Amino acid sequence: MTQSQRCNRKRTHSPLIALFFLVFIVCSILYNELSIQRIHQDSHHDHQEAPVRYIQPNLFDRKSEVLDRFSKCNATREYSGWKIGWADPRVKSGRRRVGSERCDVFSGKWVFDNASYPLYNESQCPYMSDQLACHKHGRSDVRYQYWRWQPHNCNLKRWNATEMWEKLRGKRLMFVGDSLNRGQWISMLCLLQSVIPENKRSITPNAQLTIFRAEEYNATVEFLWAPLLVESNSDDPVNHRLDERIICPDSVLKHSSQWEQADILVFNSYLWWRQGPVKLLWSSEENGVCEELDGLGAMELAMSAWADWVASKLNPLKKRVFFVTMSPTHLWSREWQPGSEGNCYNEKIPIDLEGYWGSGSDLPTMRMVDKVLSKLGSKVTVLNITQLSEYRKDGHPSIYRKFWETLKPQQLSNPPSYSDCIHWCLPGVPDVSGVQIAYGITADVGVSGRFQLLVLLLSYNSGY
Ligand SMILES: *[C@@H]1O[C@H](CO)[C@@H](O)[C@H](O)[C@H]1NC(C)=O
Ligand SMILES: *[C@@H]1O[C@H](CO)[C@@H](O)[C@H](O)[C@H]1NC(C)=O
Ligand SMILES: *[C@@H]1O[C@H](CO)[C@@H](O)[C@H](O)[C@H]1NC(C)=O
Ligand SMILES: *[C@@H]1O[C@H](CO)[C@@H](O)[C@H](O)[C@H]1NC(C)=O
Ligand SMILES: *[C@@H]1O[C@H](CO)[C@@H](O)[C@H](O)[C@H]1NC(C)=O
Ligand SMILES: *[C@@H]1O[C@H](CO)[C@@H](O)[C@H](O)[C@H]1NC(C)=O
């Protein structure tokens, strides 16, 4: 039949268990980080020696069945060195930045501000996720909600939900990516929802594509689950596989058909690549034989296929694309407090060392992402949240979230052992990116260059 071999494994009972499993796996991925990094380095060395052949993404319409979590490779061979050859974007060089030339809004510090923060109330946001509602799940110290991001050379405008809705009028704003970007989406819903009367808003049930609608504005704010950007066997938001990840490195077709109608797109991808190796199923492969590649190399292929879509299909005068850089984790407290043996558990204040960088933010990945994004020039706006999030060791749920699996006594007696140091409590860190997305959109979709720059400059009180 096809390469999808249905194995009658017990179905996962509940989506929640699967989610917990994801967190668990990602944690263990990150515990193995050092060894992964070593693999990255070694294999990169190998890539240079392999002959490079290019394959065009999206050219083939794969006849075979769509991948799902039961898919398996019929056989695995070594990576042959194929790369994605993607369209020359022919855009003017120079990146579109959030902020003016004089102000890099991602360079700054966190200041305690309990007068204007948080921007919304956790218990009053109906779209809050139990994974992120830390106060509800027992976190009594709520200082993490009161930090405001202060760029060094300018001030961010105060959040105004009505203004944001005006920008979204008649448009579709879509977040595409993994659970970190889902948190970003929920943050946006919470930031936006309060000004829409209850009977004028609705949300579809959780699925690969979840849609929030605001009737009066004829606008939607959506989330598409696509943790690996390209087609993969992890595309079911609930029942996905982690032990043998298969991607179709030259196919974003399946996902792009869902996102191509959106007006404003916010992508992310990172943590799912941290556990290598990844299997590659090229569209030209008819016998279900996969190649195997380390996570970083596979992520580069996926980013290239995605970049090809952006470069060849996106009209920057009509649409706006953001890419959110990697979200740091805080798994080893010894990195900010030498000699300690914990993680983010019980951390109550941000790190105040300027430029702090932990091992949760992989430098080779960052360089690769920089390279791909810079080739796209002004077609993509980078939301460079890595540094500002690095400071927020206090911002993770740790034990204060819903865990979908019953915790064992030995876990309960050792809270760091099951702490979630990956996702972010809400209200919290993601709200800052939400505000920045809003200002990125100010440079209005659909208007020409000079005007865009003007509006963008106007949205900052720069000059400090
Ligand atoms: C803000 O924090 C300060 C210092 O911690 C405290 O004295 C004050 O009461 C707080 N104000 C509010 C509105 O929570
Ligand atoms: C949030 O809302 C709850 C319920 O309405 C209320 O009890 C609480 O005081 C509010 N918290 C803040 C910080 O406004
Ligand atoms: C938000 O923006 C709207 C429309 O521009 C304005 O009428 C309103 O006063 C603003 N609200 C705040 C709190 O600044
Ligand atoms: C609502 O927005 C969609 C695009 O998202 C557009 O096609 C449609 O014409 C709009 N409807 C109204 C009534 O403005
Ligand atoms: C995998 O192998 C089986 C058995 O040899 C074959 O029937 C199937 O077509 C192969 N899968 C693909 C995707 O070609
Ligand atoms: C993001 O910011 C870091 C510094 O915090 C920088 O090194 C990196 O190149 C930036 N990445 C992108 C894609 O702009």
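Just follow the structure's listing: the first ligand is 1, and inside any ligand the first atom is 1. The structure displayed is predicted, hence computed values, not measured ones.
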(request) Could you tell me whether Ile349 atom CD1 has more than 12 heavy atoms of other residues or ligands within 6.0 Å of it? (result) no
(request) State the atoms of ligand 4, each with its element, that fall below the 4.0 Å cut-off from a heavy-atom position in Gly170. (result) 2 (O), 4 (C), 5 (O)
(message) Tyr117: which residues meet the ring pair (Phe, Tyr, Trp, His ring centres under 6.0 Å) condition with it, sequence neighbours left out?
(response) none
(message) Is there a polar contact, in the sense of an N or O pair closer than 3.5 Å, between Lys171 and ligand 4?
(response) no
(message) List ligand 6 atoms under 4.0 Å from Val382, heavy atoms only on the residue side.
(response) 13 (C), 14 (O)
(request) Ignoring hydrogens and angles, tell me if any N or O in the side chain of Thr329 forms a donor-acceptor pair with the backbone of Leu331 under 3.5 Å. (result) no
(message) Is the distance between the ring centroids of Trp86 and Tyr54 under 6.0 Å?
(response) no
(request) May I ask you to say whether Lys348 pairs ionically with Asp141, meaning some side-chain N is under 4.0 Å from a carboxylate O? (result) no
(request) Collect the protein residues that have a non-hydrogen atom under 4.0 Å from ligand 3 and hand them over in chain and number order. (result) Asn160, Glu163
(message) When you measure from the heavy atoms of Asp370 to every atom of ligand 6, does any distance fall below 4.0 Å?
(response) yes
(request) Determine, step by step, whether Phe175 and Leu224 satisfy the side chain to side chain contact (heavy atoms under 4.5 Å, CB included) criterion, reporting the C-alpha distance in whole Å, the side-chain angles of both residues, the deciding distance to 0.1 Å, and the verdict. (result) CA-CA 6 Å; Phe175 293 79; Leu224 178 69; over 6 Å; no
(message) Would Trp357 count as being in polar contact with ligand 6, using the rule that some N or O on each side must be under 3.5 angstrom apart?
(response) no
(message) Applying disulfide (SG to SG under 2.5 Å) as the test, list every pair that has at least one member in residues 190-237; sequence neighbours left out.
(response) Cys125-Cys190
Identify all side-chain donor-acceptor contacts of residues 212-221 below 3.5 Å with residues at least two apart in sequence or on another chain.
from	atom 1	to	atom 2	distance (Å)
Thr220	OG1	Glu222	OE2	2.5

